[in-house]
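Structure record follows, encoded as structure tokens.
Because the structure is predicted, anything quoted here is derived from the model rather than measured.
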Amino acid sequence: MKLQNLAIIFIIIILIILMIAISYLKLKNSLIIVDIIDKVVPNKDVNLLIIIIIKMISISLSLLLLDIFKTFLSTKLGNYITSSLRRTAFECVLNAKYLKINKYSDSQVMSRITRETGKIGEVYFVNDIVGFFSESIFLLIVVITMIKIDKKFAIIIFALFPLFYFLAKFISKISKKNDKEYIEILESGQELILTSCKRIKKIKITNGHQKENEKFNLWLDSLYKHKKKTSITHSLNRFIMGDLIINIMYIVIIFIGIWYIIKDFSTITTGILISFLTIIPKIYSSFRVLLNVNISSKIIKNSMEKLDEIYSIEPETNIYDGINIDDIYSIEFIDVSFKYGDGLFEVKKLNFKVEKGEKLGIVGMSGGGKTTLFDLITRIIIPNEGQILINNIDKISLFSLRNNIAYVQQDLKLFNVSIRDNIIYPLEFDEKNYQKSIEEAKLNNLIESLPEKDKTKISNYEDNLSGGEIQRINIANAIYKNAKLFLLDEITSALDVTNEKDILSKLYKMNDKIMLITSHRIYNILNCDKVIVMNDGKIIEYGTIKQLRERKNSTFNNMLKKISDKI
């Protein structure tokens, strides 16, 4: 990091030197016209003309090379800044508390890490800030040079700029408001498109095409109306800051300059006047850049505020703080309660204990709190009350805890990498462990059927994978990890009966692990040592299969009766 900071300082110093050199050569090229008009033409000096032409060509080539080098360094500086912003934002997302980051949609997070950081580093700093300093240096050199030639003439010319500034500021205020509204509408459309794409199956099944088209057309109409407004203000801005201003400056300079020459009021010559006229577009261009930085600084503030939302998300506690563990031999919940928020779902007073070698089945109605229980164990969420003891210890480092857990979720998405990389994630490849994982997850036939076997990229093939195949890949990942604690959340919900039976049979034979299994199919947990029945965030029954079956009117027995034909 220190080396990168030194590199940035070095780049900035070289950029400043380049800006000074480029500004001097730009002005020098324009002032050469003085010699052509005042010396070459009156004296018909061909030799001097040739020398001047050679000078002009040399200066032009030098400007080209210096500008290329400046662009290269500016881009490098922008990349440093953008990469640093993106790296920090991505780290904030990874380290954020799950419920805090979950308030943002995928597209919002993606836009802030990629688009907003790009605006700040690659656009604002490279184009605007570097441009601001370049043009400021150029204007300073021009002012000094013009004052040396004729102070009064220079003061008259530059007195016009405050007028142009306030006029441009007024137009830019309107333009800024319209641009902000347009960007907000554009982002709402991106969210609409992303939402529709994610729910395309439901839209088809429910015949929601017309509804989606109506929403999309309303968005297009709104976008078109705001685009017209922004186009008009931009056109007005271009006219006022373009033709109008530059023509006024030409008129003033020509009138005053010729008046000075006729009346012989100063040292201004025809050559100097024409030279000044050639400099006017450059002065105007520099002035526009300075104004645009002022405008874009306010626009970029919006990007910075959005990025700051990510930076300010409350992080998890340091994942390395606490006691490190190599094994998990017991989990105990003591009066654990958690609430997602006022008026939202909560789990209340959870009490149970499971030890190494035991399988705990968790059943209940959908939304009863089964998944929340797993999130509490992994510390994705933290209890509002009570204690969760791992190995009779409360303060365990998150890293070592999660390192010993394999958590297979019902709707867990795969990464856009190969089948093999999904199975071994995030560990290094081990052939023996890998073969065992694909065999126990019943993946051999699937892998053999793929075009590039286990090197097939998920991003190119995910649409062709069934829910059951995706679940088996996730199960293989859990087996490969060889964790001490398995959290299996509806892992067989998309599997056929044969694969379900075979995979569960292999998992149940892992007697050296703690295993917690949730399932809507109650027959899947009949081989568990203990069972928890949850409803409305509470444990309503807890005990061994035998104990629960002995209670004739228990919820567990009632659930068994409903599926008695399957047992």
Side-chain angles (χ1 to χ4, degrees), residues 86 89 93 99-120 122-124 127 170-240 292 295-296 298-310 313 341 343-344 367 410-416 457-467 470:
R86 285 175 177 162
V93 169
L99 295 182
K100 300 292 184 181
I101 193 63
N102 215 33
K103 291 179 180 178
Y104 296 89
S105 68
D106 295 342
S107 61
Q108 286 176 321
V109 173
M110 180 176 63
S111 175
R112 282 156 174 75
I113 294 178
T114 56
R115 183 180 175 186
E116 306 305 337
T117 54
K119 281 184 186 177
I120 295 168
E122 295 167 0
V123 177
Y124 182 62
N127 296 340
F170 173 73
I171 297 296
S172 69
K173 187 176 181 181
I174 299 172
S175 182
K176 173 196 168 185
K177 180 184 175 185
N178 290 339
D179 285 343
K180 186 176 180 181
E181 289 175 356
Y182 180 76
I183 289 170
E184 287 173 352
I185 291 171
L186 189 64
E187 286 183 343
S188 70
Q190 291 172 339
E191 181 69 22
L192 173 65
I193 294 166
L194 189 65
T195 301
S196 296
C197 290
K198 283 188 171 183
R199 291 161 177 77
I200 196 74
K201 186 175 181 180
K202 183 171 182 178
I203 292 168
K204 289 179 178 294
I205 292 170
T206 57
N207 288 326
H209 301 75
Q210 184 176 347
K211 185 70 176 176
E212 294 304 310
N213 279 323
E214 286 173 2
K215 289 192 289 185
F216 190 74
N217 288 330
L218 283 172
W219 171 71
L220 282 178
D221 290 341
S222 178
L223 189 69
Y224 175 65
K225 288 175 185 176
H226 278 79
K227 184 62 178 177
K228 283 195 295 185
K229 285 171 65 177
T230 56
S231 297
I232 291 169
T233 52
H234 288 166
S235 296
L236 187 60
N237 194 24
R238 279 194 298 270
F239 172 72
I240 291 174
N292 286 338
I295 294 167
S296 60
K298 294 174 182 176
I299 294 173
I300 210 69
K301 185 181 177 184
N302 185 42
S303 293
M304 290 179 173
E305 287 172 352
K306 288 181 179 179
L307 191 58
D308 193 53
E309 289 175 7
I310 298 295
I313 294 174
L344 299 177
Q410 180 181 1
D411 58 349
L412 188 64
K413 301 293 183 184
L414 299 176
F415 290 101
N416 290 328
K457 291 285 178 67
I458 293 297
S459 56
N460 300 330
Y461 208 75
E462 189 169 20
D463 290 342
N464 297 316
L465 294 175
S466 68
I470 291 173

Can you tell if the side chain of [X] reaches within under 4.5 Å of the side chain of [Y], non-hydrogen atoms only?
{"X": "Tyr104", "Y": "Val93", "result": "no"}
{"X": "Phe216", "Y": "Asp221", "result": "no"}
{"X": "Glu187", "Y": "Glu191", "result": "no"}
{"X": "Ser303", "Y": "Lys119", "result": "yes"}

Q.
Testing the basics here: between Ile183 and Arg115, what is the closest heavy-atom pair and its distance to 0.1 Å?
A. CG2-NH2, 4.5 Å

Q | Closest approach of Arg86 to Thr117 (non-hydrogen atoms, all atoms of both residues) | A |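 Heavy-atom minimum between the residues: NE-OG1, 2.9 Å.
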
Q: Measure the OH-CD distance between Tyr124 and Glu116 for me, rounded to the nearest 0.5 Å.
A: 14.5 Å

**Q.** Pairwise distance CD(Gln108) to NZ(Lys103) - rounded to 0.5 angstrom
**A.** 12.5 Å

Q | Test: Lys306 and Glu309 ion pair at under 4.0 Å | A |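 Between Glu309 and Lys306 there is no salt bridge, as every charged N stays at least 4.0 Å from the carboxylate O atoms.
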
Q: Could you tell me whether a side-chain N or O of Ser222 sits under 3.5 Å from a main-chain N or O of Leu218, the two making a donor and an acceptor?
A: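 Checked: no pair found.
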
